[in-house]
Amino acid sequence: MKAITPGDMRWLKDNFPNLNCDAGRRKIEGELDFCASLDKLSRKLRIERNERDRSVRQSSFFIADVYDVEIRFDSESLSANGWPTVFEVGGRHERISRKCEVRTVDLHFYTGDDSCCLGIRYSRDKSLTIRRFLDELVIPFFYRLSFVERHGLAAAREYLWREHPHGKVGRQAHRTHMLEVAKASKGRNKPCPCQSGRNYKNCCLIEVQHLDLEHLVTSSNGA
């Protein structure tokens with residue numbers, strides 16, 4: 001992940017005024033508040049940036065919520081894929097776990113340090129900014145947590161985006177999914193099949209190359 005720039009800090013202040021960024025300690029902490037809804041067809045999360053974006057609020061899956069978080073992005077806290085480590089520090093996930101009678105691991109919290117499991121991805125995406133990190137990983141994670149609280153874990157698994165199992169099975173499922181994305185790609189400069197809105201070369205191709213899947217796509221197309 002790229003270092004946080006003065007521009008990133010201004011963006012954080014404008015969009016998340018209750019989050020405090022301490023560049024010296026390489027930590028962000030405070031209240032993460034968001035308004036977002038799920039597009040049921042594309043299963044893509046739409047985030048509201050201002051009061052004028054009324055279309056987001058029309059969805060039956062609209063959620064506005066706030067969590068107390070801590071995001072550590074010092075070198076010791078970065079995960080294997082270069083992501084900062086995120087914690088929910090207000091005890092909310094534990095209350096949701098008890099209310100919904102599910103394990104915290106099923107809410108995607110690691111059992112070791114209780115940090116958030118933001119997904120399976122191994123490549124160190126050098127283009128990742130704090131804005132993309134929040135929009136593509138952190139807010140969707142907490143949106144899902146709120147969704148489980150409102151609708152239950154079974155509904156989250158039915159209506160939200162693809163989830164992988166934990167451990168070895170999950171890693172294999174992720175590898176299979178990346179191979180499917182690679183086969184569906186129309187070219188490096190075309191929109192990525194994952195519907196992120198970015199070109200394939202700036203999105204899933206990074207992970208496909210990291211997992212060494214390109215030769216499988218070539219051999220499959222040539223068969």
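For F34, the ring-ring contact (aromatic ring centres under 6.0 Å, His included) criterion is met by no residue, not counting sequence neighbours. Remark: N18 pairs with no residue by the side-chain hydrogen bond (donor to acceptor under 3.5 Å, both in side chains) rule, at least two apart or across chains. With sequence neighbours excluded, no residue forms a salt bridge (Lys or Arg N to Asp or Glu O under 4.0 Å) with R95. Legend: residues meeting side-chain contact (heavy atoms from CB on, under 4.5 Å) with D212, ordered by chain and number and at least two apart, are H215. A search for salt bridge (Lys or Arg N to Asp or Glu O under 4.0 Å) contacts involving E136 returns R132, R198, not counting sequence neighbours. Residues satisfying the salt bridge (Lys or Arg N to Asp or Glu O under 4.0 Å) criterion with D135, sequence neighbours excluded, are R49, R131. Evaluation of the ring-ring contact (aromatic ring centres under 6.0 Å, His included) rule for F142 yields Y67 as partners, not counting sequence neighbours. S115 pairs by the side-chain contact (heavy atoms from CB on, under 4.5 Å) definition with T85, F87, Y110, D113, not counting sequence neighbours. Qualifying side-chain hydrogen bond (donor to acceptor under 3.5 Å, both in side chains) partners for T104, counting only residues two or more places apart in sequence or in other chains: none. Looking at residues two or more places apart in sequence or on another chain, you find a side-chain contact (heavy atoms from CB on, under 4.5 Å) between L137 and W83, L118, F133. A search for side-chain contact (heavy atoms from CB on, under 4.5 Å) contacts involving K27 returns R25, E29, E70, R72, not counting sequence neighbours. For N199, there are no side-chain hydrogen bond (donor to acceptor under 3.5 Å, both in side chains) partners two or more places apart in sequence or in a different chain.
The CZ atom of R103 sits 10.5 Å away from the NE2 atom of H108 when rounded to the nearest 0.5 Å. Here NZ of K44 is found 10.0 Å from CD1 of I47. Values are rounded to the nearest 0.5 Å. Interatomic distance, SG of C35 versus CD1 of I63, reported as 10.5 Å (0.5 Å rounding). Here the CD-OG distance, from E214 to S185, works out to 9.5 Å after rounding to the nearest 0.5 Å. Separation of atoms SG (C116) and CD (E88) is listed at 7.5 Å; rounding is to 0.5 Å.
Counting heavy atoms from C-beta outward, C194 and C203 have side chains that approach closer than 4.5 Å. Looking at heavy atoms from C-beta onward, V181 lies in side-chain contact with Y200 at the 4.5 angstrom threshold. Inter-residue side-chain proximity for H93 and L145 is flagged as met; some heavy-atom pair is nearer than 4.5 Å. No side-chain heavy atom of I28 sits under 4.5 Å from any side-chain heavy atom of D22. Counting heavy atoms from C-beta on, the side chains of V89 and V69 never come closer than 4.5 Å. Between K190 and K201, every side-chain heavy-atom pair lies at or beyond the 4.5 Å cut-off. Between D65 and L32 there is no side-chain heavy-atom pair separated by less than 4.5 Å. Annotation: side chain of S146 is in contact with side chain of R92 (closest heavy-atom distance under 4.5 Å).
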Next item on the list: In sequence, state the C-alpha distance, the side-chain angles, and the governing distance for L19 and D33, and then conclude on side-chain contact (heavy atoms from CB on, under 4.5 Å).
Entry: CA-CA 9 Å; L19 281 181; D33 55 277; over 6 Å; no

Note to self: I'd like to know whether F109 forms a ring-ring contact (aromatic ring centres under 6.0 Å, His included) with F141, so could you lay out the CA-CA distance, the side-chain angles of the two residues, the decisive distance to 0.1 Å, and finally the verdict.
What the structure shows: CA-CA 10 Å; F109 286 85; F141 177 90; 5.3 Å; yes

Checklist line | Residues D8, K13; criterion salt bridge (charged side-chain N to carboxylate O under 4.0 Å, His left out); working and verdict | finding: CA-CA 9 Å; D8 292 329; K13 185 176 181 180; over 6 Å; no

Notebook entry, point to check: Are S97 and L107 close enough, and set up right, to give a side-chain contact (heavy atoms from CB on, under 4.5 Å), and what steps lead you there?
Noted result: CA-CA 8 Å; S97 171; L107 299 176; 3.9 Å; yes

Next item on the list: Starting from the C-alpha separation in whole Å, work towards a yes-or-no answer on side-chain contact (heavy atoms from CB on, under 4.5 Å) for C21 and I4.
Entry: CA-CA 9 Å; C21 180; I4 293 184; 4.1 Å; yes

Check: Step by step, would you call R157 with D106 a side-chain contact (heavy atoms from CB on, under 4.5 Å)?
Finding: CA-CA 11 Å; R157 288 173 170 170; D106 292 320; 3.7 Å; yes

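Annotation for D74 and S77: closest pair OD1-OG, 2.8 Å, computed over non-hydrogen atoms. A pairwise comparison of heavy atoms in A156 and V148 identifies CB-CG2, 3.7 Å as the closest pair.
Under the 4.5 Å side-chain heavy-atom criterion for grouping Ile, Leu, Val, Met, Phe, Trp and Tyr, V66 is not connected to L12 through any hydrophobic cluster.
A donor-acceptor pair is defined here as one N or O able to donate and one able to accept, closer than 3.5 Å; such a pair exists between the side chain of N15 and the backbone of W11.
The six-membered or imidazole ring of H151 lies near that of F61, with a centre-to-centre distance under 6.0 Å.
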